[in-house]
Amino acid sequence: TGGLLSLVSGEGTATTSGVVKIRSTNGGASGASGALYFSSGTAKEGNSGAVELGSGVATDGRGGLLMLSVGSGTSGAGGSLQVFSGRSTVHTGGAFSLASGEGTATTSGMITIRSIN
């Protein structure tokens with residue numbers, strides 16, 4: 001088994017817990033900013049790993065927020081957001097599922113897909 005890297009912020013027993021922030025820094029006057037890569041490894045036999053992003057559950061309040069955002073372009077095109085499911089050469093390809101949250105006391109959440117202008 002390979003190693004383990006764990007980044008954990010402090011627990012807030014009476015108030016808010018800590019923050020873990022991972023970012024690349026700004027680029028110089030004539031360069032691009034850095035990149036972040038989150039990836040699971042390749043498996044020769046068996047399943048490859050998983051990458052999970054999620055917010056916590058609130059027992060007395062609203063659930064968290066997970067936001068994916070790409071940058072704007074001021075002298076070129078805006079950034080792109082691409083989502084792909086896995087390819088298979090011997091079985092069914094990977095699935096892509098998008099679902100809103102269930103509202104047990106009222107309506108479920110809304111899904112909006114739109115192009116502006």
Side-chain angles (χ1 to χ4, degrees):
T1 301
L4 167 72
L5 172 63
S6 177
L7 300 174
V8 180
S9 69
E11 179 180 356
T13 57
T15 60
T16 306
S17 64
V19 173
V20 175
K21 186 181 284 191
I22 301 172
R23 63 172 289 213
S24 66
T25 58
N26 300 332
S30 62
S33 63
L36 296 176
Y37 294 94
F38 298 95
S39 175
S40 65
T42 301
K44 292 186 179 181
E45 291 188 16
N47 300 330
S48 65
V51 176
E52 295 184 16
L53 301 174
S55 66
V57 174
T59 57
D60 187 20
R62 293 183 179 186
L65 168 70
L66 177 61
M67 182 186 309
L68 298 176
S69 172
V70 295
S72 299
T74 58
S75 62
S80 296
L81 176 63
Q82 299 177 344
V83 179
F84 298 101
S85 58
R87 173 180 174 265
S88 175
T89 57
V90 294
H91 290 290
T92 304
F96 177 80
S97 175
L98 180 65
S100 67
E102 177 185 8
T104 56
T106 60
T107 60
S108 63
M110 182 172 60
I111 295 177
T112 302
I113 300 174
R114 67 182 178 152
S115 174
I116 304 213
N117 294 350

In residues 3-24, what donor-acceptor pairs under 3.5 Å come from side-chain atoms, sequence neighbours left out?
unit_1: S9; atom_1: OG; unit_2: G18; atom_2: O; d: 3.2
unit_1: S24; atom_1: OG; unit_2: G34; atom_2: O; d: 3.2

Pairs under 3.5 angstrom only: tabulate donor-acceptor contacts from the side chains of residues 41-70 to other protein residues two or more places apart or in another chain.
none

Show me the donor-acceptor pairs, under 3.5 Å and distance only, between side chains in residues 78-93 and residues at least two apart or in other chains.
unit_1: S85; atom_1: OG; unit_2: G94; atom_2: O; d: 3.0
unit_1: S88; atom_1: OG; unit_2: V90; atom_2: N; d: 3.3
unit_1: S88; atom_1: OG; unit_2: H91; atom_2: N; d: 2.7
unit_1: S88; atom_1: OG; unit_2: H91; atom_2: O; d: 3.1

